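What's counted below: heavy atoms across the whole structure, side chains too, no hydrogens, waters or symmetry copies. Just so we're clear, the structure is a prediction, and the values are computed from it rather than from any experiment.
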Amino acid sequence: MISSLRANARQAYDLSLAGAIGAVFGLFFYVELIHTPSVWLRDALAGVLIGGAIGYALNAAGPLRDGAWITLARASTWGAVAGAVGGAVGLVIGEWVLGQFQGGLIGRAVSWSILGLGIGVSQGIAYRSRQKLIFGLIGGGLGGFVGGWFFEALRQMLGNRNDLGQGIGIAFLGGGLGLGLALVEQALRRVWVQVLNGRQEGRSFSLGRGVSSFGLNEHATVGLFGDPSVARSHAEIEISTSGVTLKNLDVDGRTKRNGQPMAGSSPLQDGDTFELGGTRLIFRNRG
């Protein structure tokens, strides 16, 4: 239980930090590069740069920690593109909404919540996952709302100093998006596995219906890196209406379930542990 809480806290911290860093870099590029008298164009370009930077950072955090370089390149690129498009659309619409509210804490929070929705979509697109898309929309909306509220509160507290307030507020936006994504996924996920040892200790991976693959292959659903005893295609977990099944694919007999060697397939229950090579994982199922 304690290890699970620690892992959840680490995931929330990693995504919050990644989101904040991405947001600050996006703001820097916007301030340095964008100079146009058109308000709508300025908002759209700001959304492209800030949304793209946040989308890149959020989708790069996990693969970077894992050392999964192909996944890093693919996910961060799709995350940046999707975040840029979503950020542009979200910020333009959000600024229009802010005008309808005539500013204020709630107006800013709702405005940035719309921006967060646009950026949150990048999670689902980057991993081509309907589940992550839903988590991204909810987490992005909530994170943007919190970030926008803090931004406006800080701006008012600093006497409408947009320079300092904008910098800290944008960091709150990115951090809030990352935190919202992490907490929403942890609250809503139904089936997942958590790595118990090795380089990726504490990492958790949500599993959807159908077949999820495990191994050193970077195209695997769950890439297990840093353990040479894991095969490229080591195992699969199949989730269907009839239950959950662990299927061994390793011909060298390096798969165990609850400490016992296994070959072929075996049913999985909540709390079961299994070993792929030297990497131990625990299976969680809320049903």
Using the side chain to side chain contact (heavy atoms under 4.5 Å, CB included) rule, take His234 and Arg254 through it: C-alpha gap first, then chi angles, then the decisive distance, then the call. CA-CA 9 Å; His234 200 116; Arg254 297 170 294 182; 4.1 Å; yes
Linking I/L/V/M/F/W/Y whenever any side-chain heavy atoms sit under 4.5 Å apart, do Phe150 and Leu183 land together? no
Side-chain touch Leu179/Leu15, heavy atoms, less than 4.5 angstrom: no
Is the number of heavy atoms from other residues, nucleotides or ligands within 6.0 Å of CD (Gln100) greater than 12? yes
Taking all non-hydrogen atoms of both residues into account, name the closest pair between Val230 and Leu216 and its distance. O-CD1, 2.9 Å
Residue pair Asn8 / Tyr13, side-chain heavy-atom distance below 4.5 Å: no
Are Val85 and Leu133 joined in one hydrophobic group, where the rule is that I, L, V, M, F, W and Y side chains link up if heavy atoms are under 4.5 Å apart? no
Test Val24 against Phe29 for side chain to side chain contact (heavy atoms under 4.5 Å, CB included), laying out the working first. CA-CA 9 Å; Val24 171; Phe29 290 131; over 6 Å; no
Only one of Leu281, Leu246, Val222 passes side chain to side chain contact (heavy atoms under 4.5 Å, CB included) with Ile237; say which it is. Leu246
State, with a plain yes or no, whether a side-chain heavy atom of Asp272 is found less than 4.5 Å away from one of Ile282. no
Give a yes or no on whether the backbone of Ser213 and the side-chain of Thr221 come within a donor-acceptor separation of less than 3.5 Å. yes
Looking only at atom types and distance, does a side-chain atom of Thr77 sit under 3.5 Å from a main-chain N or O of Ala73, one as donor and one as acceptor? yes
State, with a plain yes or no, whether a side-chain heavy atom of Leu268 is found less than 4.5 Å away from one of Thr245. no
Is any side-chain heavy atom of Phe205 closer than 4.5 Å to a side-chain heavy atom of Trp192? no
Nearest heavy atoms of Glu275 and Gly259, plus distance in Å: OE2-CA, 4.4 Å
Of all the heavy-atom pairs spanning Phe135 and Ser206, show the shortest one and how long it is. CE1-OG, 4.5 Å
For the CG atom of Asp270 and the CZ atom of Phe283, what is their distance to the nearest 0.5 Å? 7.0 Å
Working to the nearest 0.5 angstrom, can you tell me the gap between Arg108 CZ and Leu115 CG? 11.0 Å
Same cluster or not: Phe25 versus Val81, using hydrophobic residues (I, L, V, M, F, W, Y) connected whenever any side-chain heavy atoms lie under 4.5 Å apart? no
Is there a continuous path of hydrophobic side-chain contacts, each under 4.5 Å between heavy atoms, that joins Ile114 to Leu98? no
Counting N and O atoms only, with roles assigned by atom type, does the side chain of Asp43 sit under 3.5 Å from a partner on the main chain of Val92, one being a donor and the other an acceptor? no
Return the minimal non-hydrogen interatomic distance between Gly223 and Gln200, and the atom names on each side. O-NE2, 3.0 Å
Check whether Ile34 and Ile50 end up in the same hydrophobic cluster, where Ile, Leu, Val, Met, Phe, Trp and Tyr are linked by side-chain heavy atoms less than 4.5 Å apart. yes
Where Ser76 and Ala60 come nearest, the two heavy atoms and their spacing: CB-CB, 4.0 Å
Which heavy atom in Ala187 sits nearest to a heavy atom in Arg286, and how many Å separate them? O-NH1, 3.2 Å
Scan side-chain atoms only and decide if Thr279 and Arg199 contain a donor-acceptor pair under the 3.5 Å cut-off. no
Among Arg284, Glu185, Arg189, Gln186, find the one that has a side-chain hydrogen bond (donor to acceptor under 3.5 Å, both in side chains) with Ser204. Arg189
Determine yes or no for a side-chain-to-main-chain donor-acceptor pair under 3.5 angstrom, with Glu218 supplying the side chain and Thr71 the backbone. yes
Assess the side chains of Ser242 and Ser240: does a donor N or O sit below 3.5 Å from an acceptor N or O? yes
Any chance you could measure Leu17, atom CG, to Ile21, atom CD1, to the nearest 0.5 Å? 4.0 Å
Using only heavy-atom distances, determine whether the side chains of Asp250 and Thr255 contain a donor-acceptor pair under 3.5 Å. no
More than 12 foreign heavy atoms under 6.0 Å from OH of Tyr56: is that the case here? no
Treating Asn197 as the side-chain partner and Gly202 as the backbone partner, does any N or O pair qualify as donor plus acceptor under 3.5 Å? no
Could you check whether any side-chain N or O of Ser111 sits under 3.5 Å from a backbone N or O of Gly94, counting only pairs where one atom can act as donor and the other as acceptor? yes
Might you work through the side chain to side chain contact (heavy atoms under 4.5 Å, CB included) test for Phe145 and Trp112, ending with a clear yes or no? CA-CA 6 Å; Phe145 187 93; Trp112 280 22; over 6 Å; no
Close side-chain approach of Tyr30 and Arg42, heavy atoms under 4.5 Å: yes
Within the side chain of Asn217, is there an N or O that forms a donor-acceptor pair under 3.5 Å with the backbone of Ser233? no
Salt-bridged, Arg203 to Asp66, with N to O below 4.0 Å? yes
Which distance, rounded to the nearest 0.5 Å, do you find between the CD1 of Ile119 and the CG of Leu91? 8.5 Å
Indicate yes or no: at least one non-hydrogen side-chain atom of Val193 is less than 4.5 angstrom from one of Phe214. yes
Using modelled atom types and a 3.5 Å cut-off, is there a donor and acceptor pairing between side-chain atoms of Arg232 and backbone atoms of Gly215? no
Taking the side chain as every heavy atom from C-beta outward, state whether Arg10 and Arg65 have any atom pair closer than 4.5 Å. yes
